[in-house]
Each structure stands twice: as C-alpha cells, then as structure tokens.
Amino acid sequence: MLEPQNTKKIKILFVAFVMLIGFWGHAKEDEMILIKKGSYIPFFMTKKGKEKVKSSKPIDVESFEIDKYPVTQKKYLEFVKENTKWQRSHAKSIFVDSHYLENWQSDLKPPQDQENSPVVFVSWFAAKAYCEWKKKQLPTVDQWEYVADDQGRGAEAAKKKILDWYGKPNEEKLASVGQDQPNGYGVGNLHGLIWEWVLDFNSAIASEESRNSDEDNNMFCGSGSLNAVDSSDYARFMRYSLRNSLKANYTTANLGFRCAKETKK
C-alpha cells in the first residue's frame with residue numbers, strides 16, 4: 001500500500017529537521033570566539049636582579065580564537081574512542097595520576113546524565129592531546145587571562161561571582177555548559193563551574209625571562225610562591241596560585257579545559 005504524498009513529505013521534513021538539530025548542536029559545542037589583539041595588565045611581579053618590581057606594563061596578546069565553552073564529557077568521549085591510549089585503563093601513569101577520569105563508569109562510559117557537563121579528572125597531558133587532536137592548542141595564561149579580563153567590563157561583579165564560587169563546596173554533579181551569561185567577548189563558563197588548564201600553567205612567576213622560556217621543567221613542577229602585583233585581588237591570586245601548585249599529570253574533580261587556536265596573520 002502506497003503512503004499518501006503528504007505523509008511522505010512530512011517524514012522527509014521531520015528527518016531533515018532532526019539532522020539540522022543534530023548539526024546545530026554539534027556546531028554549538030565546537031563554536032569558537034574570535035578574540036581581537038589587545039593587551040592587559042598581568043598579575044605577577046617582574047624581577048630585576050634580586051629586586052622585585054611591581055609592573056603595570058601591559059602584555060600584548062595577538063588575535064586568536066578560543067572555545068566558547070569548556071570541553072564536555074560527550075566531546076571527550078569522542079576523543080578517547082578514537083585515541084584508545086587515552087582511555088582510562090590504557091593511559092600511562094607518567095601522563096595521568098590514579099584519579100584520571102575517576103568519575104567515569106568505564107573506559108567508554110562518562111558519568112550518567114552529564115554528557116554536556118565539562119569533562120574533569122583530566123591531566124594537562126590529556127587536555128593538550130585532545131586540543132592537538134582537534135588541530136588546536138590549550139590557551140596560554142596570557143590568552144586565558146586576557147579573555148577573563150574582558151576589557152574591565154563588569155569587573156566587580158565578576159570578582160564577586162568568583163569569590164562566591166570559592167566559598168561553596170564542589171558540586172558532585174556539574175551543571176551543563178552554556179547556562180551562564182557569556183562575558184563581553186561571548187565566551188562562557190570562565191568562572192563558577194570549573195578551573196581550567198592552560199598551556200603554560202605554572203610559568204607566570206618571577207621574571208619576564210621565565211615567561212618566554214620553552215624549558216619543559218616549567219611544565220612539570222610547582223614553581224613556588226607567586227609575586228603578585230595586587231595581593232588584595234584574592235580572586236586572581238587564587239587562580240594563579242592553583243596553577244602554580246599543579247603538576248602536569250594531576251587530575252581533580254573540578255579541573256577541565258577548553259582549546260584555543262591562533263588566527264592566520
């Protein structure tokens with residue numbers, strides 16, 4: 001028995017609609033925001049010889065793109081399916097600690113009902129590998145902080161939000177990404193959901209020379225106390241201090257990441 005022509009059309013439209021929704025959801029998750037070049041005041045103290053110097057000299061940041069949201073459990077699952085060496089049971093202990101993907105039920109089973117929540121319990125090595133798989137890279141400290149600085153827009157409100165977040169216990173079940181108001185650049189979930197890995201996570205200390213160093217040992221050990229320009233800015237102080245306390249194979253329940261990409265000049 002042949003279907004009525006109208007029924008066929010409805011089915012075709014329905015299938016097309018479902019495909020469109022699927023495509024839109026994928027594009028939204030992978031959406032990147034273009035950040036134009038500019039500068040911001042860093043949060044560290046430079047050093048001339050043995051003398052510490054508080055510097056208000058801006059750091060220039062070239063234009064780049066950054067993920068609108070942190071990488072989700074669903075997107076990380078795609079990564080480990082294709083890159084088996086980063087599955088929980090296969091990852092080498094030199095690159096991840098014993099808590100890697102601790103909240104997953106198995107190699108290919110993220111936490112139930114959290115597919116759109118940020119992936120956590122991932123090391124710097126794992127985050128870096130994911131970004132490279134996507135032909136991107138982790139944002140640098142300067143890139144991340146430049147976006148977070150948001151040209152000073154809503155600075156006090158942002159600081160209060162961060163301090164309120166610090167004062168709350170970790171949520172066992174993280175919220176989905178995209179539920180907060182993006183900042184002035186259009187980048188969401190920078191604060192209040194998770195901490196985030198950056199490429200040079202523990203190099204923002206001591207001297208200008210160390211900021212430009214490519215030495216691997218900067219990436220693998222805590223680098224001591226931070227010489228803050230403004231130690232009263234507790235929100236930023238805690239963020240920098242956390243970064244400098246990490247090692248590259250550490251994983252925690254509230255530490256995830258997003259990717260960035262340099263723009264063609």
Side-chain angles (χ1 to χ4, degrees), residues 22 25-32 64-141 143-144 170-178 189-190 193-203 214-222 242-243 245-262:
H26 184 270
K28 183 179 179 182
E29 280 193 48
D30 283 339
E31 184 178 354
M32 300 193 79
F64 65 99
E65 293 179 79
I66 192 167
D67 288 348
K68 183 170 184 177
Y69 301 116
V71 173
T72 62
Q73 302 278 5
K74 180 168 67 175
K75 300 304 294 184
Y76 199 77
L77 175 60
E78 293 176 10
F79 168 65
V80 297
K81 280 181 177 179
E82 190 168 320
N83 300 270
T84 56
K85 68 179 181 180
W86 289 106
Q87 291 177 10
R88 188 174 67 178
S89 65
H90 296 156
K92 294 182 178 180
S93 59
I94 190 173
F95 298 128
V96 299
D97 66 16
S98 60
H99 300 289
Y100 177 60
L101 297 181
E102 182 178 83
N103 59 342
W104 285 39
Q105 299 172 58
S106 66
D107 282 349
L108 300 177
K109 283 191 176 181
Q112 192 172 7
D113 301 325
Q114 294 187 56
E115 64 174 12
N116 292 315
S117 298
V119 65
V120 289
F121 288 111
V122 288
S123 68
W124 177 86
F125 290 110
K128 182 172 179 287
Y130 175 95
C131 291
E132 290 173 352
W133 175 66
K134 299 290 283 187
K135 294 181 170 48
K136 304 177 186 179
Q137 65 181 36
L138 285 169
T140 64
V141 169
Q143 288 173 337
W144 201 98
N170 292 335
E171 296 286 344
E172 187 172 336
K173 181 178 178 180
L174 292 172
S176 297
V177 302
N189 297 122
L190 286 164
L193 189 55
I194 57 169
W195 303 88
E196 295 183 24
W197 283 110
V198 290
L199 188 63
D200 47 343
F201 63 90
N202 66 353
S203 61
D214 290 327
E215 293 180 7
D216 288 342
N217 62 346
N218 278 345
M219 307 309 299
F220 306 121
C221 61
L242 172 76
R243 290 183 186 133
S245 71
L246 295 171
K247 292 186 179 180
N249 67 337
Y250 280 7
T251 68
T252 74
N254 57 0
L255 180 58
F257 69 100
R258 73 182 74 210
C259 304
K261 183 168 62 176
E262 293 184 2

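Any value given below was found using the heavy atoms of this structure, including those in side chains, with hydrogens, waters and symmetry copies removed.
Side-chain contact between K134 and K261: absent, with no pair of heavy atoms (C-beta onward) separated by less than 4.5 Å. Q143 places none of its side-chain heavy atoms less than 4.5 Å from the side chain of I66. Put simply, the side chain of V122 does not reach to within 4.5 Å of the side chain of F79, judged on heavy atoms. Contact check for V96 versus F125: no side-chain heavy atoms found under the 4.5 Å cut-off.
A donor-acceptor distance shorter than 3.5 angstrom exists from the side chain of W124 to the backbone of V198, with no hydrogens or angles considered. In this structure, Q73 contributes its side chain and S117 its backbone to no donor-acceptor pair below 3.5 Å. With hydrogens and angles disregarded, no donor-acceptor distance shorter than 3.5 Å links the side chain of D200 to the backbone of T140. Checked by atom type and distance alone, the side chain of R258 pairs as donor or acceptor with a backbone atom of N189 at under 3.5 Å. Between the side chain of N116 and the main chain of S176, no donor-acceptor pair closer than 3.5 Å is present.
For the pair E78 and K75, the salt-bridge criterion is met [side-chain N within less than 4.0 Å of a carboxylate O].
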Apply the test side chain to side chain contact (heavy atoms under 4.5 Å, CB included) to residues W104 and V80: give CA-CA distance (whole Å), side-chain angles for both, the deciding distance (0.1 Å), then the verdict.
CA-CA 12 Å; W104 285 39; V80 297; 4.0 Å; yes
Run the side chain to side chain contact (heavy atoms under 4.5 Å, CB included) check on K173 and D113 step by step: do they pass?
CA-CA 9 Å; K173 181 178 178 180; D113 301 325; 3.9 Å; yes
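Below 30°, between 30° and 60°, or above 60°: for Y100 and Y76 the angle between ring planes is above 60°, a perpendicular geometry.
Residue E132 qualifies as enclosed at atom CD: its count of foreign heavy atoms under 6.0 Å is above 12.
Distance check, rounded to the nearest 0.5 Å: CD of E65 to NZ of K136 gives 8.5 Å. Atom CZ of F95 and atom CH2 of W86 lie 6.0 Å apart (nearest 0.5 Å). Note that NZ of K92 is 14.5 Å distant from CG of N249, once rounded to the nearest 0.5 Å. With values rounded to the nearest 0.5 angstrom, Q105 atom CD is found 9.0 Å from R88 atom CZ. With rounding to the nearest 0.5 Å, the separation of CG in D30 from SG in C259 is 9.0 Å. The OG1 atom of T72 lies 11.5 Å from the CD atom of Q114; values are rounded to the nearest 0.5 Å.
Annotation for P118 and A175: closest pair CD-O, 3.4 Å, computed over non-hydrogen atoms. In terms of heavy atoms, S123 sits closest to A248 at CB-O, 3.4 Å. Looking at every heavy atom in both residues, Y250 comes nearest to S245 through CE2-O, 3.8 Å.
Applying side chain to side chain contact (heavy atoms under 4.5 Å, CB included) to V120 and the options N103, L101, V71 leaves one that passes, N103. Among F201, Y130, W195, the single residue meeting the ring-ring contact (aromatic ring centres under 6.0 Å, His included) criterion with F257 is Y130.
Checked by atom type, the side-chain pair D97/T251 shows a donor-acceptor distance below 3.5 Å.
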